[in-house]
*Asks:* 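Pasting in a structure now, in structure tokens, and then I'll have a few things to ask.
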Amino acid sequence: MPEQGAILKKRTLFQRIRHSIYPGQLQPVKDREGYRRFFNTLILHFRPRTVPERTLELTLTWGLGGMAVVLVLMLMGTGVLLKFVYEPLPEKAYESILYLQRDVLFGSLIRNIHHWSGKLLLIVVFLHFLRVFFTGAFHPPRQFNWIIGLGLFCTVLFSNFTGYLLPWDQLAFWAVTICSGMLEYIPGVGKWIQNLIMGGPEVGLATLSNFYAIHTAILPGIIILLMPFHFWRIRKARGLVIPRAPEDEVTTRGKFVNTIPNLIMREVVVALVLMAFILVLSTLFDAPLEGKANPGLSPNPTKAPWYFSGIQEMLIHFHPLFSLFIIPVLMVIALLSLPYIDDESSAAGVWFVSLKGRKMAVIAAVTTAVATPIGILADEYVIDLAAWMPGVPHFISNGLIPFMILLVGSFGFYGIIKRKYAATKNESIQALFVLFLVAFLIFTITGIWFRGTGMKLMWP
Amino acid sequence: MTEKGKNQPDLTKTSRRSFFTKLWIFLGFIALIEFIGVVTAYLLPGRKKEKAGSFGTIIEAGPVEKFPNESVTTFIRGKFYLSRLKDGGFLAVSRKCTHLGCTVPWSDKDKKFVCPCHASAFDIKGEVISPPAPRALDLYHLYIENNIVKVDTGKRIKRGGFRTDQAVYPKQA
């Protein structure tokens with residue numbers, strides 16, 4: 001095309017460079033409208049052109065997925081900044097944090113943002129997980145996205161955990177010591193995994209290097225790979241689940257509206273409010289930092305990070321093989337198989353499946369909210385199976401027997417509530433899920449606030 | 001491997017191509033296995049493991065008379081406690097709780113080790129008094145040479161509970 005060549009030659013050097021960067025438009029972007037068109041086309045490379053209007057309702061998503069993305073970006077930004085100051089060596093790590101806080105301009109602020117964003121991210125992805133569960137958004141065609149979501153959740157959990165050790169203070173050191181100790185109870189490969197992760201028999205130099213590499217390279221890498229996969233599956237499912245009232249029939253997808261500005265404006269608002277919130281939080285509250293790690297002195301009480309304190313609480317009541325391996329593995333298997341359980345009724349898009357489902361969920365919640373504290377108190381002050389059955393191995397007296405009680409109790413509940421309400425599979429599974437969820441939350445709350453010196457029960 | 005068995009002229013263009021494709025996939029798998037092997041070997045800890053009995057792992061605790069019967073002495077450097085039992089026997093007890101690895105302090109008042117993490121308790125012999133700890137505290141190899149108590153911290157002994165042959169007694173002079 002000789003003509004185009006002629007046009008090109010007539011341009012100045014500046015114009016030619018600009019054209020090489022953005023060849024799409026021969027006309028220079030002159031006005032606001034032009035810039036808007038430019039950015040809109042950029043956005044539409046990532047987002048669909050239109051979205052179903054009903055999925056824009058705040059009461060469907062609560063903006064949780066968008067919040068998670070914003071927090072991940074903030075964590076990556078502040079994380080990179082922290083890498084410039086932090087030194088991952090046992091003798092230097094703690095001092096480098098002190099240096100960061102005392103001598104680096106805005107050092108405290110950056111660390112606080114990273115700390116609070118990390119905590120909040122875990123809470124946000126957990127709530128997002130609950131939202132997806134209770135709106136039935138794991139049913140076909142969203143089955144596999146549920147699995148990816150669980151993978152992302154685990155990645156966030158382990159990012160939090162590996163980051164926990166890095167400040168190398170007493171809190172970090174002992175929390176990681178006991179959590180790594182937990183790995184030993186996985187039958188067969190536990191000792192091997194523990195050795196691989198910790199790089200030796202005790203938390204030390206090798207552990208810190210491992211955690212640092214995992215925290216700053218491997219887990220962010222996994223998140224970067226899984227996130228687009230998660231979003232792509234949403235596109236492939238043709239958007240989010242369409243919310244509807246329990247009495248509504250499964251309707252058509254309804255009206256579609258333009259993504260720009262309807263969805264984008266909402267997302268920007270959520271992102272800005274969230275960022276403002278994090279900034280205020282980080283200005284007002286400092287990330288905790290205790291004394292430097294001392295391997296010879298376990299503080300009393302030594303607690304796992306708050307998100308593992310439910311598991312730590314289980315440890316007090318069950319033999320480690322059950323609380324650390326059998327129960328968590330069963331839970332994970334249940335969650336992974338959840339979207340593949342066949343059910344005749346279509347529950348996607350309805351909060352808590354149906355009106356009956358809501359009622360059953362409340363009953364399940366109340367049942368555990370009463371039974372769990374009673375169980376904890378009874379186990380603390382009355383029941384002592386190990387002492388009542390001398391000669392019986394702890395594995396049976398403290399493990400198998402309470403586990404069987406738990407199993408019989410929950411499946412008894414499942415059977416009774418299913419028959420009593422003549423419920424569908426979806427409704428009954430949800431009730432069972434609520435049963436375990438509330439129990440786990442109560443265990444976590446007990447572990448965080450109601451355990452004092454010597455891990456005895458106490459009033460906070 | 002059917003392609004290989006056939007005579008040269010019988011090989012059509014597609015079968016040769018598919019043979020090479022299979023070969024590439026096969027080589028790719030070999031490369032992947034090699035890669036995983038190298039990474040695993042690289043990451044596995046313990047290259048510079050302190051060998052039992054080698055320099056640096058043996059700690060001289062001191063002369064036998066220094067430790068009264070029914071006493072526990074702390075050795076911070078060796079990460080163990082030296083227990084002397086009622087009958088004069090010695091045990092080098094690891095300070096690491098068998099439950100989750102916290103450091104257990106010795107309480108002289110209550111005459112027991114109490115773990116601050118989950119309230120496991122052990123007696124002077126390291127035996128479990130109260131769970132959740134699943135087994136007795138580990139021991140280190142201990143021997144008495146010329147009336148001097150020595151502990152080899154490179155030799156950790158796991159055990160279910162206390163047996164009398166675990167305690168080491170000084171030779172009666």
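Sequence lines set the chain letters: A, B, ... in the order given, protein chains first and strands last, and positions in each chain run from 1. Source: prediction; values computed, not measured.
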*Asks:* For residues 114-134 of chain B, which residue pairs qualify under salt bridge (Lys or Arg N to Asp or Glu O under 4.0 Å), counting only residues two or more places apart or in two chains?
*Replies:*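 Checked against salt bridge (Lys or Arg N to Asp or Glu O under 4.0 Å) - neighbours excluded - no pair reaches residues 114-134 of chain B.
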
*Asks:* Is the count of non-hydrogen atoms from other residues, nucleotides or ligands lying under 6.0 Å from B/Lys111 atom NZ greater than 12?
*Replies:*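 Counting neighbours around NZ of B/Lys111, more than 12 heavy atoms of other residues, nucleotides or ligands fall under 6.0 Å, so yes.
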
*Asks:* Could you tell me if the side chain of B/Leu100 sits less than 4.5 Å from the side chain of A/Tyr185, heavy atoms only?
*Replies:*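 Touching, per the 4.5 Å side-chain cut-off.
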
*Asks:* Hey, are A/Glu184 and B/Lys96 close enough for a salt bridge, meaning a charged N less than 4.0 Å from a carboxylate O?
*Replies:* no

*Asks:* Any idea which heavy atoms bring B/His99 and A/Leu315 closest together, and the distance?
*Replies:* NE2-CD2, 3.5 Å

*Asks:* Let me know if B/Ser120 has heavy atoms under 4.5 Å from chain A in its side chain, its backbone, both or neither.
*Replies:* neither

*Asks:* Quick check on A/Tyr307: does its OH atom have over 12 non-hydrogen neighbours (other residues, nucleotides or ligands) under 6.0 Å away?
*Replies:*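 Yes, the 6.0 Å shell around OH holds more than 12 heavy atoms from other groups.
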
*Asks:* Which region of A/Ile178, side chain (C-beta onward) or backbone (N, CA, C, O), has a non-hydrogen atom less than 4.5 Å from a non-hydrogen atom of chain B, or is it both or neither?
*Replies:* both

*Asks:* Is it the case that over 12 heavy atoms from other parts of the model lie below 6.0 angstrom from the NZ atom of B/Lys112?
*Replies:* no

